[in-house]
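Comments concern the structure below.
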Amino acid sequence: MSVTTRIFTTLALLSSSTIVLAQTVNIVSPGAATVSSPVRVVAEFSPTAPITSISLSVDGAASMQQEAVTPLDIEVPMSAGNHLLTVNAVQSDGVQLSASRSVSVTAEVTTMAPVVTSIDVASVSTNRSGTSGVPVSASGGTSSVSDIEEKSGWYTYPDQGNPVCSSKPSLTSNPSLDGASGKFYLGPTGQYNNCLWPIKLGSSTTASHFTLDTYYRLSDPSVAQGVEFSSNKHVGTKWYKFSVQCSYNKGVFSVWDTAGGKWSATNIPCKRPASNTWDHLTVQTEINNGKAVFLSLTLNGAQYTINKSFNPTTKASSYSYGVHFQMDGNIKGNAYYAWVDNFKFALW
């Protein structure tokens, strides 16, 4: 072998090694969108040997040393502006792994002209702990929250039975539509056990129109009883809940009668999804004449009119809003996963 051939061979091997190492750390979150501090950092590892240490740096300065627990899922405080986030790991065989991502962090909103958005900014700022610092964008009087599945404010509420529920959605890059989806788990311990995950998003004194938009996918659609997406809005002591349930056994969508505490069936078809596919759901609702009004539902491009309205219930005074996701278990108590992606909520 000539000297030239050996040089090119060595360079090729080094290039190949670099590519392989770059693929062993995958930063799932934050994504490309602008985020707020603290920044949720999620990274997946596919090492060739056990991981013995993990560390993070921001703009080249050491940020923190983490226990070697994979996947990594932590919150990192960052100042407003553009930063370079780097995740480093060391394998037990001494091989060092690294991946970096540019991050755009917003400054915390404290004031805003009333004509710009329907958000009650003072309420958002004073209740920052209740909204988990969720960044809200505003345009022409419409406010919205995107990639809700990636936020850190989710909590678990076992809705029925005594199931094993994931504490929050774990972020994963596969499967996903935009590089990061939220993975939920329902492990029933009996018949028809359900898990519900709520998250508070913000506060508004004026919003009365709402759009919930999301994609979802099930690990085994044959064992799911159904899924439920919901938004809610407090207006003083009145609480409006806009829950939509896709019941696979009934074959139709139902909407929630809040004051009546029961489901009201529609004639909108809801078929059990095929394996390895994403369903796309959009729900349009509003508060009108003191009632929660379900306007329309769109599933995978097919739009249906609902035109049902219900009275709210009474709770402690608030102007907050949020959403939730629920997984329903079947009579056999089969466990399954659900992935939620591109979850967005808009209000005006």
Side-chain angles (χ1 to χ4, degrees), residues 16-58 62-78 83-105 132 146-154 156 164-187 197 199 214-220 276 278 325 327 335-343:
S16 173
S17 174
T18 301
I19 293 173
V20 170
L21 290 178
Q23 293 174 337
T24 57
V25 180
N26 177 29
I27 298 177
V28 180
S29 175
T34 300
V35 295
S36 62
S37 182
V39 178
R40 186 178 181 185
V41 178
V42 178
E44 299 172 330
F45 302 82
S46 53
T48 56
I51 297 292
T52 58
S53 69
I54 299 173
S55 61
L56 289 90
S57 64
V58 178
S63 175
M64 59 187 69
Q65 193 83 16
Q66 295 298 308
E67 294 184 19
V69 177
T70 59
L72 177 70
D73 190 345
I74 61 169
E75 293 188 350
V76 181
M78 294 188 196
H83 300 282
L84 181 66
L85 171 71
T86 302
V87 178
N88 301 293
V90 179
Q91 296 183 169
S92 59
D93 57 6
V95 174
Q96 298 185 12
L97 315 176
S98 182
S100 298
R101 173 163 294 176
S102 297
V103 182
S104 178
V105 182
S132 303
S146 300
D147 296 320
I148 299 173
E149 72 282 356
E150 299 181 29
K151 310 308 179 188
S152 58
W154 293 89
T156 305
V164 177
C165 310
S166 53
S167 60
K168 62 180 179 179
S170 60
L171 297 188
T172 181
S173 60
N174 186 28
S176 71
L177 297 170
D178 60 1
S181 67
K183 183 180 180 181
F184 296 81
Y185 173 73
L186 167 63
W197 294 268
I199 180 172
T214 188
Y215 290 80
Y216 60 95
R217 173 173 169 169
L218 307 181
S219 62
D220 187 354
N276 304 317
W278 291 91
F325 170 60
M327 298 170 64
Y336 67 101
Y337 293 95
W339 293 272
V340 176
D341 207 351
N342 291 338
F343 194 175

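We're numbering straight along the sequence, starting at 1.
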side-chain hydrogen bond (donor to acceptor under 3.5 Å, both in side chains) with Ser166: which residues, sequence neighbours excluded? none

ring-ring contact (aromatic ring centres under 6.0 Å, His included) partners for Tyr185, two or more places apart: Tyr337

Residues two or more places apart in sequence or in another chain: which of them pass salt bridge (charged side-chain N to carboxylate O under 4.0 Å, His left out) with Asp73? Arg40, Lys168

For Asp220, enumerate each residue passing the side-chain hydrogen bond (donor to acceptor under 3.5 Å, both in side chains) test, keeping only those at least two apart in sequence or located in another chain. Ser222

Nearest-0.5 Å distance, CZ of residue Phe343 to CD1 of residue Ile199: 9.0 Å

Step by step, work out the side chain to side chain donor-acceptor pair (under 3.5 Å) result for Glu44 and Ser173. CA-CA 8 Å; Glu44 299 172 330; Ser173 60; 2.8 Å; yes

Testing the basics here: between Glu149 and Gly182, what is the closest heavy-atom pair and its distance to 0.1 Å? CG-N, 3.6 Å

So which atom in Pro30 and which in Leu85 form the shortest heavy-atom distance, rounded to 0.1 Å? CD-CD2, 3.9 Å

Going by ring-ring contact (aromatic ring centres under 6.0 Å, His included), name the residues that satisfy it together with Tyr215, two or more places apart in sequence or in a different chain. His280

Minimum heavy-atom separation for Ala99 to Ile27, with atom names? O-CD1, 3.6 Å

Between OG on residue Ser176 and CH2 on residue Trp278, distance to nearest 0.5 Å: 6.5 Å

So how far is it from Asn26 CG to Arg101 CZ, rounded to the nearest 0.5 Å? 7.0 Å

Thr156 and Ser167: which non-hydrogen atoms are nearest, and at how many Å? OG1-O, 2.8 Å

Would you say that Ile51 contacts Leu97 through its side chain, given a criterion of any heavy-atom pair below 4.5 Å between the two side chains? yes

Minimum heavy-atom distance between Ser37 and Val105, given as atom pair plus value: N-CG1, 3.9 Å

Under the side-chain contact (heavy atoms from CB on, under 4.5 Å) rule, collect the residues that match up with Thr52, sequence neighbours excluded. Val90, Ser92

Partner residues of Thr214 under the side-chain hydrogen bond (donor to acceptor under 3.5 Å, both in side chains) criterion, sequence neighbours left out: none

Evaluate the criterion side-chain contact (heavy atoms from CB on, under 4.5 Å) for residue pair Leu171 and Lys183; output intermediate values, then yes/no. CA-CA 6 Å; Leu171 297 188; Lys183 183 180 180 181; over 6 Å; no

From Gln91 CD over to Phe45 CZ, what is the distance, rounded to the nearest 0.5 angstrom? 10.5 Å

Using side-chain heavy atoms (C-beta onward) and a distance below 4.5 Å, is Ser181 in contact with Thr172? yes

Salt bridge (charged side-chain N to carboxylate O under 4.0 Å, His left out): which pairs involve residues 85-98, sequence neighbours left out? none

side-chain contact (heavy atoms from CB on, under 4.5 Å) assessment of Leu72 paired with Val42: CA-CA 5 Å; Leu72 177 70; Val42 178; over 6 Å; no

Could you list all the ring pair (Phe, Tyr, Trp, His ring centres under 6.0 Å) pairs where at least one residue sits in residues 164-184, not counting sequence neighbours? Trp154-Phe184, Phe184-Trp197, Phe184-Phe325

When you look at Ser152 and Glu75, which way does the side-chain contact (heavy atoms from CB on, under 4.5 Å) test go after all the steps? CA-CA 8 Å; Ser152 58; Glu75 293 188 350; 2.6 Å; yes

To the nearest 0.5 Å, what is the distance between OG (Ser57) and CG (Leu84)? 7.0 Å

Across all chains, not counting sequence neighbours, the side-chain hydrogen bond (donor to acceptor under 3.5 Å, both in side chains) partners of Asp341 are none

Intermediate values then yes/no, side-chain contact (heavy atoms from CB on, under 4.5 Å), Thr86 and Leu56: CA-CA 6 Å; Thr86 302; Leu56 289 90; over 6 Å; no

To check you understand the geometry: which heavy-atom pair defines the closest contact between Asp178 and Glu150, and what is its length? OD2-OE2, 4.2 Å

